[in-house]
Amino acid sequence: MLLIHCPYCDDTLPELEFTYAGEAHIARPADPSALSDAEWRDFLFIRTNARGPHYERWRHVGCGRFFNALRDTVSDRFLMTYKAGEARPDLNNPTLTREAAE
Amino acid sequence: MSRYRIPGKGRVDHGAPVSFTFDAKIYAGLRGDTVASALLANGVHLMGRSFKYHRPRGAVTAGSEEPNALIGTSRGKGRFEPNTRATVQELRAGLVAESQNKWPSLSFDLGAINDRAYMLFSAGFYYKTFMWPKSFWDKVYEPVIRGAAGLGKSPTEPDPDHYASRYLHTDVLIVGAGPAGIAAAMAAAQSGADVTLVDENPEMGGSLLSDPAVQIDGKSAWDWIDAQLGRLRAAGVRLMTRTTAIGYYHQNMVGLCQRLTDHLDSPPKGAPRERLWRVRARQVVLAQGALEKPLVFDGNDRPGVMLAGAAQTYLHKYGVRVGDTPAVVTSHDSAYHAAFDLADNGARVAAIIDTRDEVRPDLLDGARSRGIEVLAGHTVTTTTGRLRVKSVRAAAVRGGTVGGGRTVPCDCLLMCGGWTPSLHLFSHTRGSLVWDGGGQTFLPDRKTEEVEIAGAGRGLWGYDPVLADGAAAGLRALEGLGRVGHPAGFHVTNDRPGTGTSHAELPTDGNPGKARAFVDFQNDVTAKDIRLAVREGMRSIEHVKRYTTNGMATDQGKMSNINGLMIAADALGKAPPQVGLTTFRPPYTPTSFGAFCGYLRGETFQPTRKTPIDPWAEANGAVFEPVAQWLRAWYFPKPGEDMHEAVLRECKATRASLGIFDASTLGKIEVAGPDAVEFMNRLYTNPWTKLQPGRCRYGLLLGEDGFIRDDGVIGRLSPDLFHVTTTTGGAARVLTMMEDYLQTEWPDLDVWLTSTTEQWATVALNGPNALRMLQPLVQGVDWNDFPHMSCADCTVAGLPARLFRLSFTGEIGFEVNVPARHGLTLWTALMEAGRPYDICPYGTETMHVLRAEKGYIIVGQDTDGTVTPADAGLDWAIGKAKADFVGKRSLSRPDIVAKGRKQLVGLLTEDGSLLQEGAQIVLDPDQQTPMKMVGHVTSSYHSTMGHPIAMAVIEGGFDRMGETVFVPMPDGVRKAKITSTVFYDPDNTRLKA
């Protein structure tokens, strides 16, 4: 069972307290009616399916908050978690690599 | 005294006889025995029949890796367990054990015909044999295979035992309490760290228990173990025996299964049988040792052929001589010690057959001094003996050629093909392995967790290096904790160092096509099978494994994997690391379902949610049905009534006068705040801006894909407060969806969401007399301005209440919400006030019938996640003027507006019979199979109208009104007419009355 850090509670807690909520940084279009069928299809269904680091959303059932995470889909390791609305972390950021190594 | 027991020897209690039965015969063993050691003490090697060929088999090991000696054990009703390893099951008084895979008896078994027909059962035989003719599959092959398949008999009764679960957090978890594990624990414990040492056996000490002559720090091995365990206990180290580390999961979580009562003569009342531990360790030390490999030669599976190390264990731990005239075949030095120890305890060792040309001089001296003949540079070509090995044929190998052989009579044959480091748990972590060409084995390489591997588990041999390695691993674990320890040294005398070589099959002068040289004893896989698999095109070890089933038995190939790999590599002409190794997966050894279930069974499988009114329903004879996590009152039968009669009576009473229903399980969410109406507009399909406070509206919730997710009546209590109701099962899902949009898409909206499901108790009143009965009880409502679809905060029967006027039955209806603590008071008051109207309590079934008669859908029953508002006939619930809401864009996607979508319609059977929910629908019952199915029945009930009604989704259903469709059911095809879903009062006259 994974241990996951909730950025709102600032606590590292067992996976049982969390649920997965799909890929992160897919914003709902401001005006869906302006989108073509293909664009709307992509928004609905097309996902990255990354092998390796993957930006994704999780929800901490304990506090009810949705947050974002960078998880390696090969090792199943959380590289970091961050609050919803914060910018997508740069994969080339050396701090991140260091955290990943730790 | 049993014939093969050595008086006074071993760790068994010679003063404590224990009697047990095996295949209905009574045997005597000693306290401390396993079933296997007790049988061997009585000279019984034949303990079972093999899986495929039904060959006679005996114990080949003395531990949890045992592939052959699987027995059924029982302790009274419901406590039968198949496939217990006789080498692990401790003897207890009155134990009833039986052998498996035999009929009519173990010594004479008809299934052994398979052994004569072995040519038919080669690798992949399932795929080849049962292909043709096709018609044979159902009638012949499948029943026969089912009858013959499987290890042992499944228990037929529920397990009456209970099982416990615990969490544990520890600084250092050490798996395996052999010399390396004990040394690691000593090192780790010295700094005050919290240390846990676990071992699967009843006693700690590991291989030292089988090597009592070894001396450490001037003490005999056994005295040293006692002293160290005493010191560990004094240092506060948690020592857990009979505790198997079954799996190694992420971030140093290790699952332990602790066996608590299987060894006891009579378990304490109420004691759990096993306990599953979820251990989170900051550091893990794996000191699991190594498993001895068999050698692969013709007849290596006869009873009496066993691993040399096992014979040594039976001798020293249990005081049992496994035979009087053992022969030994080995490619490793360790087997010499087994031979010497047996010789020193009264056995006459027939010969040591060593596959190596060169033997260490001190071992040769040891053999010579005991009068044991050593045949170096020899192979074993075959053995004889039907139910017990009688002789072994040894032949010299010169320059790769097998020369003339000779027969060596023996009553047991001890084999040793070297040792495989036990890396199962390390493999669970996806730690990588590296091939060690010298040791011809895989060793741990790159780690993914905070773990150390110590001792024989990483290929070391001999107590001196193993102890030093264990201590070093313990120190490294301490360093990982940021603590400091002092290195410890051990002085070992009488050590038993050793090396060896590895083989594929042993060379033979016989016909390899006829050799019964077993690699996987439990699945009856021979060397020939593996070579055949390679010849037939299997290149990857994963394919070889699945084609031959090598390593796929309950022992997960603990003994067979490396031998199988060596043979496959040889057949492929590749080096073993290029062929690779299959992945070990949890659990390490077979684990009971009970241990995994723990407390999660029966009434404690999941929490049962209760409404405040449930006690009344229980006291008044309600029958309950599970709905989500609730148990809801289903119907209230009167004496002598069956369900059908009770439901019909409840329906009619409600339609005629007044019914009362506990609707407390309805999901309830308060949406509050200045932007509440904007939030509702964006989320639900309906328009909310113009809904006046004090009024309610049916709300429909879609996913972004346009499919119906939930529905419910929503009341606006004030401009900034909505009382949202959801389906019983959808409450948590809807709140999560609302939270998701509010937190991540529209964080700018000033809205607060609160689940109030369990804050309110909800009682529904329905029927033509509902208004009449309720009116006198209500204060604070202006009845001149409280039409259908109104809501108000008021008091009902003197209780603070939130009153909704709405209907899910087609009759005049109300839902009275009061704070949950008043729920039962309200219900009782309404029952009393309703007496003049013959008020009738009804359950969920009546609720379903009444709503279906009106064509009101239930999301999740009449919809299935692919139904749009248009498909369900709910177009009217969409706010067409709204620019956007969740799912709106999808309603114009090409597939959603396409013709031929399944649409929700009513069905009436021509013969007035009841359809089955879920039944498929066809347009032409005479078409060829497979038929084109155009839809299915979603709801079907007996009704108050004298005939059953049904709803169904049918392709293009709206355009087929009045057409006849066909519903094939088990007892014949039914004709049904497509109708509107509204069967009762289509003009809603009763709502307005």
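Every chain is numbered from 1, with letters handed out A, B, ... down the list of sequences.
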Considering only heavy atoms, which portion of A/Phe45 lies under 4.5 Å from any heavy atom of chain B: side chain, backbone, both, or neither? side chain
What part of B/Thr736 gets closer than 4.5 Å to chain A, counting heavy atoms only: side chain, backbone, both or neither? both
Please output the residues of residues 12-27 of chain A in contact with chain B, using a heavy-atom cutoff of under 4.5 Å, in numerical order. A/Leu16, A/Ile26, A/Ala27
Part of residues 2-10 of chain A lying next to chain B, heavy-atom separation under 4.5 Å: A/Leu2, A/Leu3
When the 4.5 angstrom heavy-atom criterion is applied to B/Tyr167 and chain A, the contacting part is side chain
Interchain contact, B/Asp740 with chain A, by part (heavy-atom threshold 4.5 Å): both
Do the non-hydrogen side-chain atoms of B/Asp884 and A/Ser33 ever get within less than 4.5 Å of each other? no
Return yes when atom CG of A/Asn49 has more than 12 non-hydrogen atoms of other residues, nucleotides or ligands closer than 6.0 Å, and no otherwise. no
By a 4.5 Å heavy-atom criterion (distance strictly below it), what part of B/Glu739 contacts chain A: side chain, backbone, both, or neither? both
Sub-4.5 Å side-chain heavy-atom contact between A/Met1 and B/Arg280: yes
Among B/Lys888, B/Glu745, B/Arg278, which residue has the highest count of heavy-atom pairs closer than 4.5 Å to chain A? B/Glu745
I need the minimum non-hydrogen distance between A/Ala84 and B/Thr744, along with the two atoms involved. CB-CG2, 4.3 Å
Heavy-atom proximity to chain A below 4.5 Å, by part of B/Arg893: both
Residues passing the side chain to side chain donor-acceptor pair (under 3.5 Å) test with B/Glu704, sequence neighbours excluded, are A/Arg28, B/Tyr741
Does this structure show an ion pair linking B/Arg889 with A/Glu39, if we count only N-O contacts that are shorter than 4.0 Å? no
Of all heavy-atom pairs linking A/Leu44 and B/Asp705, the shortest is CD2-N, 4.0 Å
Is B/Lys899 atom NZ crowded by more than 12 heavy atoms from other residues, nucleotides or ligands, each under 6.0 Å away? no
Those residues of residues 58-65 of chain A, ordered by number, that approach chain B below 4.5 Å (heavy atom to heavy atom): A/Arg59, A/Gly64, A/Arg65
Per-residue contact mode, B/Thr448 against chain A (heavy atom under 4.5 angstrom): both
For B/His250, is there any backbone N or O sitting under 3.5 Å from a side-chain donor or acceptor partner on A/Arg77? no
Is the number of heavy atoms from other residues, nucleotides or ligands under 6.0 Å of B/Arg430 CZ greater than 12? no
